[in-house]
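Some notes on the structure that comes next.
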Amino acid sequence: MMNAARASSGNRQSIVTGVILIGLAILFALLLAPDATGDATFRLSTPRDRWIIDPLVVPSGPVIYVIATILAFLGARQFLRGGARWALMSLGIGLAFAVAAFLVWATADKAFSLTGMLQATMVRAVPIALGALAGVLSERVAVVNIAIEGMLLAGAFTGALVGSLAGGIGGLAAAIAVGGLFGFILAALVVTYRMDQIIAGVVINLFVLGLTSYVSSQVFSEYRHLNNAPVFRSIKIPILGDIPVIGPMLFNQNVFVYGALVMVAVSTYYLFHTRHGLRARAVGEHPRAADTLGINVYRTRYINVTLAGMVAGFGGAWFTLGSVGRFDEGMTGGRGFIGLAAMIFGRWHPVGALAAALVFGFADSLQQKLALLQTPIPSEFLAMAPYIVTIIVVAGLVGRARAPAADGKPYVKE
Amino acid sequence: MQNLLQGKALGRTEVEDLVVVPLFAVVMALILGAVTMLATNIDIATIGRSYVALLEGSVGSLNAVSETLTAAAPLILAGLGLALGFRAGLFNIGAEGQIVMGGLAAVVTGFTFDYLPGIVLLPLSLFAGALVGALYASIAGYLRAATGAHEVISTIMLNLISYRLLDYFLSLPYVQQTGRADPISKSVPEAAELPRLLTAIDPNLRVHAGIFLVLIMVGLVYWLLFRSKLGFEFRASGENPKAARFAGMHSGIIIVAAMAAAGALAGLAGANQVLGVLGRATPGFSAGLGFDAIAVALLGRSHPVGVVFAGLLFGALEAGGRQMQVDAGVSIDLIGIIQALIIVFIAAPLLVRAIFPWGFRRKKGGAS
């Protein structure tokens, strides 16, 4: 039954993919291409860069027609024999082309800084990547972590408060500690007190939202100096930072971007190449077997969920210490949940989570830049883009990606 | 989750479960709320005054009771919807978005058909709210049924999308109040408003006919859940999805129906707000009602009658919290902390027992 269901869903997915791609092709050819006149200019460097690259100039109308043709071809292939095998790849390639066509249309007769957008993509991916990483760490030990949003918010708040009093480094350390504290609380609630994991997460979110909003309206409104933290500046890595296009994106960023990249590397190594990581994954897949082999299931869950909280706390500090230095009520705006979607998209793997976060970061920075280009699309709809991408990802990939087997189930030691 | 959501708690007798634990949770949350106030440098006298104001503002006078009922009505309506979803095993966080969309639909219906008499227009506007709420919630239900996308994430995203949609609609010339630059909708005509009930005594009393709507819905949800075939299917697939499927129930249809019913109730809550209290739609008019309603449904043990009491409690906290802010200068956000703590103590029976071991009889065979 399972196989039949999978085959028919694969077939349906193939058809849906084909319809989407052909639909996009028609849309572009009929609506966008006639509308696009003149050249679209993509700037690849800023005047201050060491190596100046000529901007990429393309004729907008013809390029959109070409892309529409490619999309139509990819879509048509879905209806031929064996198309199902390529459904996901075609959809990915097709959507990438679609975004490119869209950008060309929006930039027609204007100029657009590609470097700037890539840099913004990386910056905006950071909290999502760290949230997703926190999700990976706790779901690998089978604790569903809905509380990431709350942990990010707690990190942001602590970063602003302690950062104002003790400087950036102190604020960052405190944010990590408070994130870890909430991770520990989550672990205590779900492991020791066996509270339902989703409810525990929702409660932590509500609690953090209430507490931070309370303090911010009760204390910060009166004592403004408590909410005025220094911001970490970008550090340019010599030579690497001068690489055109990707240099500013990867090597001219603040400590949060570097931290996120390092953490992704470290946690990949931890989960897949160390003894403790193997134990953690065993606890996530089959806690009873792990217990039988002498692994302390409860302790493993405590440690990993606390670590996840620390990662999320660091990610939360990005909102204050990494960007504006000031805390606002509910400033995380659902990034923790987007992080969870990125975790699923990234198939519960740190590197996958980072890649997925970059997609979301791209959607986020794209909507910002498009708002500046003054397209006829209302800004509210552009602002929805990251959320819609999240829904599509969660809907489209569940079933293809496999969660840790014991995910969400409490373990009672016999 | 299933046990808690479906109203059973492990290892407790019924009295403990229905009376002692909620009471304990409220008292404990108030104590921790006081600790929070102490930590933010508020002196004991002010804390005392704020809790007195909390009580006075919720039940201390006719006006206070009226405010409590006004605040409780949307919480109960949305809470009923969430309870329905919980019974069917769906953790719907999307009441907020459904309230926004339902309220918006009710306003637009109200001012579009302003030539109709009230006896037609009011039910029509309420129905529009319920319908749009149901449709909006069904998106998440459909995604869950067709693709397995977890409703927690999709409903949260739909909440965030609903805020943007509201902003967009409020900027449309058709919806926006003529002559206003800020995003405010046209006002609901008087015929579409839920009439206030006690203006004869004092024109400032805000309690309105929405409370009758609440009573009808409580009865309806009770009947639906415990007396109808569909409700049986909801509960069966919530308790044991596999068994329900083998018994020949269509899990996909049940999920979509449960989400739609939950969305209809949340949409009604939104309609209740705009037609009874606000008179128009503004950005953020939902004011977090959908999230408070989650707490209400949990506290009410997903039972319609429990939801009424929980909604009244939260309505009282809300009304009293406003008084507290005025009288003692303590931010109303404190109420959010107290509400979260109440749920923690309700939802973690083992935690309560660890803090308060002598209050509960121990059953044979340990905790669970």
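Computed from a predicted structure; not experimentally measured. Order of the sequence lines fixes the chain letters, A, B, ..., with proteins taken first and strands second; residue numbering starts at 1 for each chain. Heavy-atom basis, side chains included; hydrogens, waters and symmetry copies ignored.
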Pick whichever of A341(A), P378(A), A188(A), G333(A) has the most heavy-atom pairs under 4.5 Å with chain B.
P378(A)
List the steps, then state whether side-chain contact (heavy atoms from CB on, under 4.5 Å) holds for I156(B) with E149(A).
CA-CA 11 Å; I156(B) 287 167; E149(A) 177 79 4; over 6 Å; no
Among V330(B), I335(B), I139(B), which has the most heavy-atom pairs under 4.5 Å with chain A?
V330(B)
Looking at CD1 of I153(B) and OH of Y387(A), how far apart are the two atoms once the value is rounded to the nearest 0.5 Å?
14.5 Å
Between V219(A) and chain B, with a heavy-atom cut-off of 4.5 Å, which part of the residue counts as in contact: side chain, backbone, both or neither?
side chain
Answer with side chain, backbone, both or neither: which region of I42(B) has an atom nearer than 4.5 Å to a non-hydrogen atom of chain A?
side chain
Quick check on R224(A): does its CZ atom have over 12 non-hydrogen neighbours (other residues, nucleotides or ligands) under 6.0 Å away?
no
Given the options S379(A), S213(A), S221(A), A200(A), which has more heavy-atom pairs under 4.5 Å with chain B than any of the others?
S213(A)
What I'd like to find out is whether the side chain of L166(B) reaches to under 4.5 Å of the side chain of E380(A), using heavy atoms alone.
no
Choice from V203(A), L206(A), I204(A) maximising heavy atom contacts with chain B below 4.5 Å:
V203(A)
Roughly how far, to the nearest 0.5 Å, is CD1 of I332(B) from OG of S217(A)?
10.0 Å
Under 4.5 Å from any heavy atom of chain B - which part of L189(A):
side chain
Residue V190(A) versus chain B: region with a heavy atom under 4.5 Å:
neither
Validation row: F337(A), L160(B) side chains within 4.5 angstrom (heavy atoms):
no
Would you say Y214(A) and T36(B) make side-chain contact, with heavy atoms under 4.5 Å?
yes
Value for CE (M384(A)) from OH (Y163(B)), rounded to nearest 0.5 Å, stands at 13.5 Å
If I compare all heavy atoms of G210(A) with all of I337(B), which pair ends up nearest, and what's the gap?
C-CG1, 3.5 Å
Residue I338(A) versus chain B: region with a heavy atom under 4.5 Å
both
Yes or no on side-chain contact (heavy atoms from CB on, under 4.5 Å) for Q218(A) and L334(B), after CA distance, side-chain angles and deciding distance?
CA-CA 9 Å; Q218(A) 190 76 30; L334(B) 181 75; over 6 Å; no
Distance in Å, I391(A) CD1 paired with I161(B) CD1, rounded so as to fall on 0.5 Å steps:
4.0 Å
Side chain, backbone, both or neither of T212(A) within contact of chain B (heavy atoms, under 4.5 Å):
neither
Would you find more than 12 non-hydrogen atoms of other residues, nucleotides or ligands less than 6.0 Å from Y142(B) atom OH?
no
For a 4.5 angstrom cut-off between non-hydrogen side-chain atoms, does F291(B) reach L209(A)?
no
Would you indicate whether Y51(B), at its atom OH, is surrounded by more than 12 heavy atoms from other residues, nucleotides or ligands within a distance under 6.0 Å?
yes
Could you measure the distance from the CG atom of L340(A) to the CE atom of M157(B)? Nearest 0.5 Å is fine.
8.5 Å
I146(A) and I93(B): CA distance, side-chain angles, deciding distance, side-chain contact (heavy atoms from CB on, under 4.5 Å) verdict
CA-CA 12 Å; I146(A) 298 279; I93(B) 316 249; 5.8 Å; no
